[in-house]
2 protein chains.
Amino acid sequence: MAFTESYLPYLLARASHEVSSTFHASLKGWDLSVPEWRVLACLSDIDGLGVGQLAAMALMKQPSMTKVLDRMEADGLVRRRSTREDRRRVLIHLTPKGRARVRPVLAAARAHQDSLLAPLGGEERALILRALRLLIGEDEGGAPEA
Amino acid sequence: MAFTESYLPYLLARASHEVSSTFHASLKGWDLSVPEWRVLACLSDIDGLGVGQLAAMALMKQPSMTKVLDRMEADGLVRRRSTREDRRRVLIHLTPKGRARVRPVLAAARAHQDSLLAPLGGEERALILRALRLLIGEDEGGAPEA
DNA sequence: GGGCTTTCCATCCCTTTTCATATATCTTGA
DNA sequence: TCAAGATATATGAAAAGGGATGGAAAGCCC
């Protein structure tokens with residue numbers, strides 16, 4: 001078999017690209033870039049994350065994230081707040097505007113996921129999610145530290 | 001459960017990123033960028049691909065690929081050849097230098113894949129590959145007929 | 001407490017990517 | 001054959017991304 005058809009990292013990259021491309025294209029309709037969408041989604045999970053944490057979660061480097069946040073803060077989507085406990089850290093929070101902006105996108109994302117999983121059986125869905133968690137390393141297979 | 005922990009496209013992107021990051025870092029040792037490595041790997045599968053085809057396989061846009069190929073051609077890794085049948089097309093071929101350059105990287109990539117799969121059981125490996133094939137669209141074309 | 005190291009974010013600068021578009025070639029249909 | 005449309009690649013300006021670095025703050029250890 002050809003290398004590119006069986007090489008796991010390439011298959012993963014390809015799967016990720018195909019699964020996300022249509023949704024990423026539709027982000028323009030909400031006037032959001034992919035990093036902006038990721039930041040808003042992360043913050044709607046956990047409001048108040050550091051720049052480095054957000055960069056890691058959005059799969060980017062920290063300097064890139066700083067610039068993304070500059071734009072988003074200028075647009076009024078997020079707000080930087082320093083903390084008393086550690087004055088190096090800058091925690092990023094959603095503004096009401098950011099929260100309102102992300103709400104319909106989250107709904108669309110869930111719908112997109114449903115449409116992806118619709119043609120699959122319930123077992124297959126569970127298998128896919130487990131496989132990905134295995135690769136990511138957040139393996140929660142039941143037995144801790146086997 | 002938090003959105004980012006169960007959203008399939010994000011899990012895929014994260015898995016892809018984690019799986020490839022160490023190998024991508026090691027590419028610097030061979031003086032190759034990620035797109036360059038992808039081009040060489042694709043061409044070692046099929047020598048003689050168009051610019052647009054290569055861009056799609058390397059998950060980039062066509063203008064980006066044109067510039068990647070400019071650099072690689074200047075480095076003597078690939079060669080552009082026009083075809084008689086369709087003079088718009090430019091087929092990209094590996095040079096001997098390109099072929100020699102990619103050989104050890106292909107071997108390292110296979111080793112990397114092995115190390116990724118080593119800690120997993122045979123059942124889990126099969127699960128992951130099956131999940132990825134499902135997502136990439138073995139279901140999208142159906143029977144591969146003319 | 002004073003230095004040394006580490007961590008966290010911002011800034012600078014260069015490379016790469018991308019969007020929009022241009023140019024060349026092929027295809028189609030009257 | 002010729003004009004329109006479609007397809008393949010190239011180009012140029014603008015934006016994004018990332019490495020290197022700087023400054024500030026915290027942790028550490030004697």
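Here the structure is a predicted model, which is why all the values come from computation and not from measurement. Below, each value reflects all heavy atoms present in this structure, side chains not excepted, and no hydrogens, waters or symmetry copies. Chain letters run A, B, ... following the sequence lines, proteins first and then strands; every chain starts at 1.
The phosphate of dT16(C) has neither OP1 nor OP2 within less than 4.0 Å of any side-chain N or O from Ser64(B). Residue Arg81(B) places none of its side-chain N or O atoms closer than 4.0 Å to OP1 or OP2 of dT9(D). A close approach under 4.0 Å does occur between a side-chain nitrogen or oxygen of Arg87(B) and OP1 or OP2 of dC26(C). The shortest distance between the side-chain N/O atoms of Thr66(A) and the OP1/OP2 oxygens of dC9(C) is not below 4.0 Å.
A donor-acceptor pair under 3.5 Å is absent between the side-chain atoms of Ser82(B) and the main chain of Val90(B), judged by distance alone. Lys28(B) places no side-chain N or O within 3.5 Å of a backbone atom of Ser33(B) that could act as its donor or acceptor partner.
A straight line from CD of Glu73(A) to C1' of dA10(C) spans 13 Å, rounded to a whole angstrom. The separation between Lys28(B) atom NZ and dT15(C) atom C1' is 13 Å, rounded to whole Å. To the nearest angstrom, C1' of dT7(C) lies 4 Å from CZ of Arg88(A). Straight-line distance from the CE atom of Met60(B) to the P atom of dC19(C): 12 Å, rounded to whole Å. Here the P atom of nucleotide dC8(C) and the CD atom of Glu85(A) are 14 Å apart, to the nearest Å. Look at CG on Asp70(B): it is 12 Å from P on dT16(C), rounded to the nearest Å. Atom pair Lys61(B):NZ and dT18(C):P shows a separation of 7 Å (rounding to whole Å applied). Rounded to whole Å, the distance from CZ on Arg84(B) to P on dC26(C) is 13 Å.
Aromatic ring pairs are classed by plane angle as parallel below 30°, tilted from 30° to 60° and perpendicular above 60°; the pair His112(B) and Phe23(B) is parallel.
Between Met65(B) and Gln62(B), it is Met65(B) whose nearest contact on DNA chain C lies nearer the 5' terminus. Mapping Asp86(A) and Pro35(A) onto DNA chain D by nearest heavy atom places Pro35(A) at the nucleotide closer to the 5' end. Map Pro63(A) and Leu69(B) each onto its nearest nucleotide of DNA chain D; the residue landing nearer the 5' end is Leu69(B).
Side-chain proximity of Arg71(B) to dT16(C), dC9(C), dG17(D): nearest is dT16(C). Each of dT11(D), dA10(D), dG17(D) was ranked by its minimum atom distance to the side chain of Lys67(B); first place goes to dT11(D).
Taking a cutoff of 4.0 Å between a charged side-chain nitrogen and a carboxylate oxygen, Glu73(A) and Arg79(A) do not qualify as a salt bridge. Salt-bridge formation is not detected for the pair Arg125(A)/Asp114(A): no Lys NZ or Arg NE/NH1/NH2 atom is positioned less than 4.0 Å from an Asp or Glu carboxylate oxygen.
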